[in-house]
A.B. asks: 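Can you read through this structure? Questions will come right after.
Just so you know, these numbers use all the heavy atoms, side chains as well, and skip hydrogens, waters and symmetry mates. No experiment lies behind these values; they were computed from the predicted model shown.
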Amino acid sequence: MPHSQYPSDHAQVGMQVNSGADGVEVVQPPSIVTRKLGPGAVLPMRLDPRVLQRMERAIEKMADSYEKSLKTEIRQMLLSHDEWQSGKQEAIHAIYALSHDIRGLAGTFSRPVTGRIANALCQYLEALPNLDAADGAVVRLHVDAMFAAATDAQEPSEEVAKATLAGLDRLVGRALEHYRPSAAPLRG
C-alpha cells in the first residue's frame with residue numbers, strides 16, 4: 001500500500017496514521033464517541049455499577065408481568081391469525097406488530113428463543129411484497145412455535161431451538177420462492 005503523500009490530509013479529518021516498520025500504513029478513522037465525548041472517552045463505555053444494578057432490579061421487577069404479557073400477546077396473535085384466515089385482512093398487521101414487539105423485548109426478559117422465533121416471523125413478513133401475501137400456514141407455525149417456547153417455565157434447549165428455527169427457515173424459503181425473480185432464459 002503506498003504511503004500518502006499528504007499526511008496532513010488525514011489529520012484534517014481526524015484520522016490517526018500509524019506507519020509500521022514493514023512499510024504498512026494503518027489509518028484509523030475518527031471515532032464518533034471521541035468526537036462527541038472528547039479525547040478522554042474510554043471505549044467501550046462502561047456504565048456506573050450502581051446504575052447497572054438499578055437497571056437489573058427494574059428488569060427483575062418487570063419480569064413477572066412480562067411473562068404474563070408475553071403469553072397474552074401470543075394468544076392475541078393466535079386469535080388474530082384466526083381472524084385473518086376468516087377474511088379480516090388487517091389482522092395480519094396486528095400479528096406483525098405483536099411479533100415485532102416480542103422480538104424486541106423477549107431477550108431482555110430471558111426468552112431469547114421466543115425472540116428468535118418472533119424475529120424469524122418478522123423477517124418472513126418483511127420479505128414479502130406486502131403483508132397480505134403471507135402464507136397462513138407459515139405464520140401459524142411461527143406463532144405456534146412461539147407459544148410452545150413461551151408457555152414452558154424454561155425455554156427449549158439450544159438444540160431444540162436450532163432445529164425448530166431451521167425447520168421454519170426451510171418452510172419460509174419454500175414460501176418465498178414465489179416472490180423471487182426467476183432467471184431469464186438463455187438465448188443462443
A.B. asks: With sequence neighbours left out, write down each residue that passes salt bridge (charged side-chain N to carboxylate O under 4.0 Å, His left out) with Glu60, or none if nothing qualifies.
C.D. replies: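 None.
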A.B. asks: When rounded to the nearest 0.5 angstrom, what distance separates OG1 in Thr151 from CE in Met146?
C.D. replies: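 The OG1 atom of Thr151 sits 12.5 Å away from the CE atom of Met146.
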A.B. asks: Going by distance alone, is a donor N or O of one side chain under 3.5 Å from an acceptor N or O of the other, for Thr72 and Gln76?
C.D. replies: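 Note: Thr72 and Gln76 side chains miss the donor-acceptor criterion.
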A.B. asks: With the side chain counted from C-beta on, respond yes when Leu121 and Ile95 share a heavy-atom pair under 4.5 Å apart, and no when they do not.
C.D. replies: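 In contact.
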A.B. asks: Which residues pass the salt bridge (charged side-chain N to carboxylate O under 4.0 Å, His left out) test with Glu158, not counting sequence neighbours?
C.D. replies: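 So Glu158 forms a salt bridge (charged side-chain N to carboxylate O under 4.0 Å, His left out) with Arg116.
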A.B. asks: Could you give the distance from CD1 (Ile92) to CG (Asp132), rounded to the nearest 0.5 Å?
C.D. replies: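 The CG atom of Asp132 is 8.0 Å from CD1 of Ile92, to the nearest 0.5 Å.
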A.B. asks: Check whether any side-chain heavy atom of Glu90 sits under 4.5 Å from a side-chain heavy atom of Glu83, and report yes or no.
C.D. replies: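 Not touching, per the 4.5 Å side-chain cut-off.
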A.B. asks: Same cluster or not: are Met62 and Leu105 linked, directly or through other Ile, Leu, Val, Met, Phe, Trp or Tyr residues, by side-chain heavy atoms under 4.5 angstrom apart?
C.D. replies: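 Yes, because Met62 and Leu105 connect within a single hydrophobic cluster, where side-chain heavy atoms sit under 4.5 Å apart.
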A.B. asks: Mind checking the CD-CG spacing from Gln123 to Leu168? Nearest 0.5 Å is all I need.
C.D. replies: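 So the CD of Gln123 and the CG of Leu168 are separated by 12.0 Å.
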A.B. asks: At their closest point, which heavy atom of Ala134 faces which heavy atom of Leu128, and how far apart are they?
C.D. replies: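 Minimum heavy-atom contact is CA-CD1, 3.4 Å.
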A.B. asks: Tell me, please, which residues at least two apart from Arg140 pass side-chain hydrogen bond (donor to acceptor under 3.5 Å, both in side chains).
C.D. replies: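 Expected list: Asp82, Asp144.
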A.B. asks: Please indicate whether Gln89 has more than 12 foreign heavy atoms, meaning atoms of other residues, nucleotides or ligands, lying under 6.0 Å from its CD.
C.D. replies: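 Enclosed.
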A.B. asks: To the nearest 0.5 Å, tell me how far Asp135 CG sits from Leu171 CG.
C.D. replies: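 If we round to the nearest 0.5 Å, Asp135:CG and Leu171:CG are 7.0 Å apart.
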A.B. asks: Just verifying a value: how many Å separate Arg111 CZ and Gln154 CD, rounded to the nearest 0.5 Å?
C.D. replies: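 If I round to the nearest 0.5 Å, the distance is 8.5 Å.
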A.B. asks: Indicate the ring-plane relationship of His100 and Tyr96, choosing parallel, tilted or perpendicular according to the 30° and 60° boundaries.
C.D. replies: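 Rings of His100 and Tyr96: tilted, 30 to 60°.
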A.B. asks: So that I can tick it off, tell me whether Glu126 and Arg103 are bridged by a salt bridge, with the cut-off set at under 4.0 angstrom between side-chain N and carboxylate O.
C.D. replies: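 The answer is yes: the pair qualifies as a salt bridge.
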A.B. asks: Between Leu125 and Val139, is there a side-chain heavy-atom distance shorter than 4.5 Å?
C.D. replies: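 Val139 reaches Leu125 side chain to side chain.
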A.B. asks: Of all the heavy-atom pairs spanning Ser99 and Cys122, show the shortest one and how long it is.
C.D. replies: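 So the two residues come closest at OG-SG, 3.4 Å.
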A.B. asks: So Leu78 and Phe147, do their side chains get closer than 4.5 Å, heavy atoms only?
C.D. replies: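 Of all side-chain heavy-atom pairs linking Leu78 with Phe147, at least one is under 4.5 Å.
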A.B. asks: Of the non-hydrogen atoms in Tyr124 and Ala133, which two are nearest, and what is the gap between them?
C.D. replies: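 Nearest heavy atoms, Tyr124 then Ala133: OH-O, 4.5 Å.
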A.B. asks: Please round to the nearest 0.5 Å and tell me the distance separating atom CD of Glu159 and atom NZ of Lys162.
C.D. replies: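 NZ of Lys162 is found 9.0 Å from CD of Glu159.
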A.B. asks: Would you say Tyr66 and Ile59 are hydrophobically clustered, going by side-chain heavy atoms of ILVMFWY under 4.5 Å?
C.D. replies: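 Yes, same cluster.
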A.B. asks: Please find the pair of heavy atoms, one from Ala91 and one from Ser80, that lie closest to each other, and give the distance.
C.D. replies: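 Answer, listing the atom of Ala91 first, then Ser80: CB-O, 3.2 Å.
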A.B. asks: Could you pull out the closest heavy-atom pair between Ile102 and Met77, with the gap in Å?
C.D. replies: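 Scanning both residues, the minimum pair turns out to be CD1-SD, 3.8 Å.
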A.B. asks: For residues Val113 and Glu155, report the shortest heavy-atom separation together with the two atoms involved.
C.D. replies: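 Between these two residues, the closest heavy atoms are N-OE1, 2.8 Å.
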A.B. asks: Do other residues, nucleotides or ligands put more than 12 heavy atoms under 6.0 Å from the NZ atom of Lys71?
C.D. replies: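 It does: Lys71 NZ has more than 12 such atoms within range.
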A.B. asks: May I ask whether Leu98 and Leu79 are part of the same hydrophobic cluster, defined by side-chain heavy atoms of I, L, V, M, F, W, Y residues being less than 4.5 angstrom apart, directly or through others?
C.D. replies: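 Leu98 does not cluster with Leu79.
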A.B. asks: Are Thr114 and Ile74 close enough that some pair of their side-chain heavy atoms sits under 4.5 Å apart?
C.D. replies: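 Thr114 vs Ile74: side chains touch.
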